[in-house]
Structures are given as structure tokens and as C-alpha cells.
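The shown structure was predicted, so the numbers you read here are calculated from the model rather than taken from an experiment.
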Amino acid sequence: RPTLDDPVLELQSLSSFLEEIRALIRRASIEDQTYNSDLVMVGTVTRSAQGENGAEDYVYVKIAPEKVFKGDPGKGDVTFIQKANISRWAIQALNRNSFKQGDRVLCFANKDPTYSRVGTWNPKGDPLWIFPYQRLSAWFVADTTIWRRGIQPILKEELYKDLEKWSKQ
């Protein structure tokens with residue numbers, strides 16, 4: 001097992017390493033997420049809750065759309081679902097506890113065909129959405145900027161213009 005004092009060194013070409021880094025950055029970029037998501041929108045969290053009656057492993061976040069850049073969220077609130085990873089005591093997609101009623105978020109989502117069917121997790125068969133890039137697919141929106149931890153703030157109007165452009169491509 002490699003340690004700081006005794007690392008295991010592997011030779012790799014710089015071009016391969018650079019392409020690996022570029023691929024990772026592309027996956028996490030908002031431009032790439034816009035291209036690969038069915039729904040891109042800004043909205044306000046109306047509810048965030050754990051499932052009930054046999055669906056305790058699921059967490060639901062309801063968001064009222066304010067501005068839709070891509071896709072059709074339908075009428076009313078958009079419901080996002082994620083299965084909790086109970087075995088690791090961690091929720092893979094989001095830190096759900098941080099989603100509070102009234103928060104404004106920018107979301108990238110895909111409609112999930114499995115969860116959108118009738119089941120314990122979805123008794124009425126309502127359309128349910130998932131975050132394809134897990135926690136990278138939901139950004140909190142401030143009054144003038146949109147940001148993610150570790151990234152400089154981006155002016156909201158500037159990002160909105162980019163999202164509109166990328167959504168049409």
C-alpha cells in the first residue's frame with residue numbers, strides 16, 4: 001500500500017495524464033452538463049424530505065421552477081429523487097440536509113425512467129428527476145452570483161446567457 005513516505009511510482013505519459021484531467025474537468029463543467037441534461041432550470045426549494053411508508057431509503061427534493069433553460073418540467077413543482085446509500089451512511093448525490101425550503105438552486109437533471117414508474121417510492125407514477133452528476137448537478141444561487149465551493153463566483157446574468165446559448169446547441 002502506498003504511503004507518503006513510501007509511495008508507489010508509476011510512469012505515465014504526460015499527454016495521457018493531461019487528457020485524464022481534461023476529461024474530468026469536462027464531466028464536471030456546466031457547459032457539458034447543459035448538453036447532457038434533459039432539464040436545466042433555476043428554482044426555489046419548496047420541500048426536502050425523506051420518503052415514508054416503505055420508501056425510507058429515498059430522499060425527495062421539490063423545486064418550484066423560476067427559469068427553465070432546457071427541457072419541460074411540466075406543471076407545478078419538479079420532484080428530484082435519490083436513493084440513500086445506507087451501507088456507507090452517506091447520500092451519494094447531495095448533502096440533502098443543506099437543501100432548505102426557500103433556497104434557490106440551479107439544477108441539471110434527467111428524468112429517471114425507473115423511478116418515474118409506479119412503485120413504493122412513487123405511488124402515483126409522477127415524473128421524477130435525478131441529478132446525473134450527483135452533487136455537481138445542483139448549485140446554490142445568490143442574488144447576483146452563482147457559485148460552487150472552490151470556484152470563483154460567476155455573475156448570474158453572465159451564466160444565464162451561457163446557459164441559454166448552450167441549451168440551443
Side-chain angles (χ1 to χ4, degrees), residues 10 12-48 58-85 88 90-100 102-117 121-122 126-169:
E10 292 182 20
Q12 183 177 7
S13 71
L14 186 56
S15 60
S16 297
F17 182 61
L18 187 58
E19 182 50 40
E20 215 173 297
I21 291 171
R22 284 184 178 145
L24 183 62
I25 291 170
R26 277 194 306 270
R27 262 196 72 213
S29 78
I30 55 175
E31 183 176 358
D32 188 62
Q33 288 195 64
T34 303
Y35 296 142
N36 294 316
S37 295
D38 299 328
L39 178 66
V40 179
M41 69 173 214
V42 171
T44 302
V45 176
T46 58
R47 186 168 186 259
S48 180
Y58 298 92
V59 178
Y60 302 84
V61 178
K62 289 187 174 281
I63 298 176
E66 290 176 18
K67 184 164 180 59
V68 177
F69 298 97
K70 182 179 179 184
D72 180 11
K75 294 183 180 185
D77 291 353
V78 178
T79 304
F80 294 86
I81 186 172
Q82 192 66 43
K83 189 166 177 18
N85 185 352
R88 289 181 13 206
I91 296 174
Q92 291 179 324
L94 307 166
N95 178 0
R96 296 304 181 300
N97 295 331
S98 68
F99 274 78
K100 296 183 183 76
D103 283 346
R104 292 181 66 232
V105 288
L106 166 63
C107 298
F108 301 88
N110 288 327
K111 188 174 177 182
D112 190 278
T114 301
Y115 291 138
S116 294
R117 292 190 323 229
W121 60 86
N122 190 1
D126 295 329
L128 298 179
W129 300 80
I130 59 168
F131 299 101
Y133 293 90
Q134 301 181 10
R135 70 181 179 277
L136 299 178
S137 294
W139 293 25
F140 289 94
V141 178
D143 289 336
T144 58
T145 59
I146 298 175
W147 77 95
R148 199 170 54 182
R149 189 186 316 230
I151 293 179
Q152 294 297 318
I154 301 168
L155 288 176
K156 187 168 61 175
E157 288 76 22
E158 183 181 322
L159 182 61
Y160 282 8
K161 283 181 197 171
D162 287 341
L163 287 169
E164 285 173 7
K165 178 179 72 177
W166 297 329
S167 293
K168 293 175 182 161
Q169 293 177 348

Report the distance from atom CG of D126 to atom CG of N122, rounding to the nearest 0.5 Å. 5.5 Å

Could you check V61 against V78 for side chain to side chain contact (heavy atoms under 4.5 Å, CB included), going step by step and ending with a plain yes or no? CA-CA 8 Å; V61 178; V78 178; over 6 Å; no

Who passes side chain to side chain contact (heavy atoms under 4.5 Å, CB included) against K156, sequence neighbours left out? R104, V141, I146, Y160

Verify side chain to side chain contact (heavy atoms under 4.5 Å, CB included) between T34 and F69, making sure each step is shown before the conclusion. CA-CA 9 Å; T34 303; F69 298 97; over 6 Å; no

Hey, does the side chain of N110 reach the backbone of I130 with a donor-acceptor pair shorter than 3.5 angstrom? no

Out of curiosity, K161 NZ to K165 NZ, how far, rounded to the nearest 0.5 Å? 11.0 Å

State, yes or no, whether a side-chain contact exists between L106 and L163 at a heavy-atom distance under 4.5 Å. yes

What pairs with K62 under side chain to side chain contact (heavy atoms under 4.5 Å, CB included), at least two apart in sequence or on another chain? T46, R47, D77, T79

Between CH2 of W129 and CG of L39, what distance do you get to the nearest 0.5 Å? 4.5 Å

Mind telling me whether Y35 and W166 have parallel, tilted or perpendicular rings, with 30° and 60° as the class edges? perpendicular

Main chain of W121, side chain of Y60: is a donor-acceptor contact present, judged purely on distance under 3.5 Å? yes

Verify, without hydrogens or angle tests, whether K70 (side chain) and S37 (backbone) share a donor-acceptor contact under 3.5 angstrom. yes

